[in-house]
Amino acid sequence: MVRLGFIVALIALIGVLLSGLAAYRVHDQELAIDGIALARAIDVHASLVQDRLTERELLARVASGLFRTPSVIKPNMLEPLRSAIYAFKTDFVVAGWIARLKPNELAAAQAELKANGFTNPTIRDFDDQALDLKALDKPINVLMDVEPRNPETLSIPGRAFDRHSVVGPMLARAMANAKPVASDPVPLLRQNGPVGVVLAAPVFQEGASEPAGFITFSYELSSLMLTNDDSSLFAVALKDPRDSNDEFTANEQGIVTSRAVRQDGPLPSMVRTVTFGGRDWSLDYYAKSNATVRAQQTATIVAAIGLALTGIVCGLFGYVAYNNLRLSREIQVRIGFERRLTAVIDELNHRVKNILAVIQSIVTRTLRHGSDMDSARELLIGRIHAMSNVVSLLSESQWQGVKLKGLFEARAIPHADRIAVTGPDIAVSARAAQSLSLLFFELASHSDEGLSLVGKHPHITANWEVVGEDADSVFHFRWEEFNTSEATRRPDSDFGLILLDRVAPEALGGTAKRFFTDVSYVYELTAPMETVVDMTERDRTEQFSAPLRPVKK
């Protein structure tokens with residue numbers, strides 16, 4: 001048997017090693033394939049974003065090139081460009097003409113804005129606060145025209161953007177660089193509008209060194225850089241150019257939100273840089289699925305298949321070899337069964353002798369010389385019934401113990417319906433059950449001699465408790481018959497007194513006492529829990545009742 005086990009273990013070890021090697025190779029291949037697929041998808045997306053940004057920057061350059069001789073004060077400067085702008089099929093939110101107006105041109109500009117029907121033709125600050133035009137001593141950048149014109153955009157012309165925290169610095173950079181410049185991410189149209197970027201292209205007059213104004217195009221950030229397919233392998237985020245600890249993301253509805261980059265959060269799988277408006281933009285790509293987990297799952301499946309095949313091979317080999325040893329094992333089981341049967345019979349003889357000895361003592365003490373035969377017969381039958389009840393309960397539990405409350409059944413003791421039983425339903429040993437069953441019968445059989453002190457049958461309580469823990473726990477039992485006295489209670493028989501005062505306490509290794517109070521008869525028994533439960537006897541009985549197992553070699 002040992003040799004067979006060694007051979008099977010060797011085959012299993014080889015199968016496990018081969019399964020582990022195959023799983024390791026599959027794990028590495030899956031990681032490599034997922035990495036290549038993710039890199040290709042990210043490169044394609046970054047290339048498309050860059051193409052889209054280049055097209056929009058080209059649109060700004062073309063639009064600014066058409067403004068060779070612009071009229072600064074004219075408020076509908078975008079009119080000639082409308083067809084050219086829409087020919088590009090661009091997705092800008094709003095296009096604008098921002099003119100650099102000198103202080104002496106502001107009054108005429110206001111008149112032009114009013115004449116063209118704009119909602120608020122007053123030249124004012126970017127937040128619609130009034131400007132002191134007389135205090136101005138240098139040109140300011142004023143929005144003079146917008147496209148498209150709708151109720152939301154008609155209220156924008158007339159605003160000066162020099163002091164705007166985002167647009168103002170962008171216009172200054174565009175004027176200094178003389179080429180299109182993109183702004184930082186900013187809400188468009190209104191304070192809670194969609195997040196986007198503004199691209200400003202300076203417009204120069206013939207021979208001028210400073211721009212006459214700026215053509216601006218505003219784009220939503222989601223469609224410009226963060227668009228992505230739902231089935232793609234990654235999610236894209238834009239690093240905030242103002243704070244490297246923040247980034248912008250777009251949800252399925254295209255709404256852009258800013259979030260802080262957690263130091264303990266996942267790192268981007270890859271980072272790509274695109275150029276737009278004279279500056280670099282960093283795109284962070286996060287893989288939607290964990291390639292490592294996926295590779296581990298695939299490797300686990302491969303390993304499981306390998307282990308299953310190994311198990312099948314080992315099982316077939318073991319089955320064939322085991323059939324050769326089955327006959328010898330059956331013989332060993334038969335021998336063990338016969339030995340067990342002999343031991344069980346010996347144990348049964350031991351228990352039967354004990355029961356017969358107890359019954360002999362009961363009969364001898366009950367039918368002693370000079371006793372009343374009717375009373376003796378009644379006590380004898382009751383005591384034998386009590387013994388029969390406890391034997392039945394022990395047989396049902398395979399002699400491993402009896403629930404204490406089961407000893408108070410009506411078939412075992414008289415007046416059971418008038419006994420209030422309280423206490424934990426502990427399981428007592430076979431030896432303790434026999435003693436306690438006779439004890440309860442003796443107490444109950446002497447509790448109803450006529451009427452009690454109040455003219456009714458006495459009320460009986462039987463309660464017990466376990467005090468302490470583990471080896472120091474103690475079993476306390478108290479029997480009390482209320483409204484009774486020595487005159488109303490049947491005197492205990494000689495056998496009953498011996499059982500109450502000596503046999504039951506000694507069987508449980510404890511002490512007992514009985515006494516009358518003013519209104520009741522009390523019997524108390526105290527014993528260690530280790531003798532009440534008797535784990536040694538239970539373990540020995542459980543060993544005999546355990547299923548038979550074949551002898552191992």
If you define the side chain from C-beta out and look only at heavy atoms, does anything of T273 sit under 4.5 Å from S282?
yes

Please tell me if the side chains of K114 and Q110 come closer than 4.5 Å, counting only heavy atoms from C-beta onward.
no

For I42 and H45: C-alpha separation, side-chain torsions, deciding distance, then whether side-chain contact (heavy atoms from CB on, under 4.5 Å) applies.
CA-CA 5 Å; I42 290 175; H45 181 271; 5.7 Å; no

Start with the C-alpha gap between R124 and R159, add the side-chain angles, then the distance that decides, and say whether side-chain contact (heavy atoms from CB on, under 4.5 Å) holds.
CA-CA 5 Å; R124 57 202 184 277; R159 292 179 180 177; 3.8 Å; yes

Find out whether L171 and D162 are in side-chain contact, i.e. whether some heavy atom of one side chain is under 4.5 Å from a heavy atom of the other.
no

Between L189 and V94, is any pair of side-chain heavy atoms under 4.5 Å apart?
yes

Separation of T257 OG1 from L221 CG (nearest 0.5 Å):
10.5 Å

Donor-acceptor pairs under 3.5 angstrom involving side-chain atoms of residues 17-26: please list them, not counting sequence neighbours.
{"residue": "S19", "atom": "OG", "partner": "G15", "partner atom": "O", "Å": "2.8"}
{"residue": "S19", "atom": "OG", "partner": "G306", "partner atom": "O", "Å": "3.4"}
{"residue": "S19", "atom": "OG", "partner": "L307", "partner atom": "N", "Å": "3.4"}

What do you reckon, is NZ of K102 surrounded by more than 12 foreign heavy atoms closer than 6.0 Å?
no

Within a strict 4.5 Å, meaning less than it, do heavy atoms of the F248 and M225 side chains meet?
no

Are side-chain heavy atoms of Q50 and F276 found at a separation under 4.5 Å?
no

With sequence neighbours excluded, tell me which residues meet side chain to side chain contact (heavy atoms under 4.5 Å, CB included) with R52.
V49, R56, T227

One pair to check against side-chain contact (heavy atoms from CB on, under 4.5 Å): V256 and E220. What are the steps and the verdict?
CA-CA 9 Å; V256 177; E220 288 192 23; over 6 Å; no

N/O donor-acceptor pair under 3.5 Å between N251 side chain and G254 backbone
yes

Is it the case that over 12 heavy atoms from other parts of the model lie below 6.0 angstrom from the NZ atom of K405?
yes

Quick test of your reading of the model: are D240 and R242 salt-bridged, counting only N-O distances below 4.0 Å?
yes

Which pair of non-hydrogen atoms, one from P202 and one from P180, has the smallest distance, and what is that distance?
CD-N, 4.0 Å

Looking at F234, I'd like to know if the NZ or CZ of R272 sits under 6.0 Å from its six-membered ring centre while staying within 45 degrees of the ring's axis.
no

Please check if the number of heavy atoms outside Q191 that lie under 6.0 Å from its CD is greater than 12.
no

Please identify which of these residues, V474, V466, V428, meets the side-chain contact (heavy atoms from CB on, under 4.5 Å) condition with V532.
V428

Hey, are the side chains of I335 and I331 touching, using non-hydrogen atoms and a 4.5 Å cut-off?
yes

With sequence neighbours excluded, tell me which residues meet side chain to side chain contact (heavy atoms under 4.5 Å, CB included) with V186.
H164, V166, S183, L188, V198

N150 and T153: side chain donor to acceptor below 3.5 Å:
yes

Just wondering, do T216 and F161 contact through their side chains at under 4.5 Å, heavy atoms?
no

Would one find more than 12 heavy atoms of other residues, nucleotides or ligands at under 6.0 Å from atom CZ of R294?
no

Under 6.0 Å from the CZ atom of R279, do we count more than 12 heavy atoms belonging to anything else shown?
yes

Quick check against the 3.5 Å criterion: does S64 have a side-chain atom that pairs as donor or acceptor with the backbone of A60?
yes

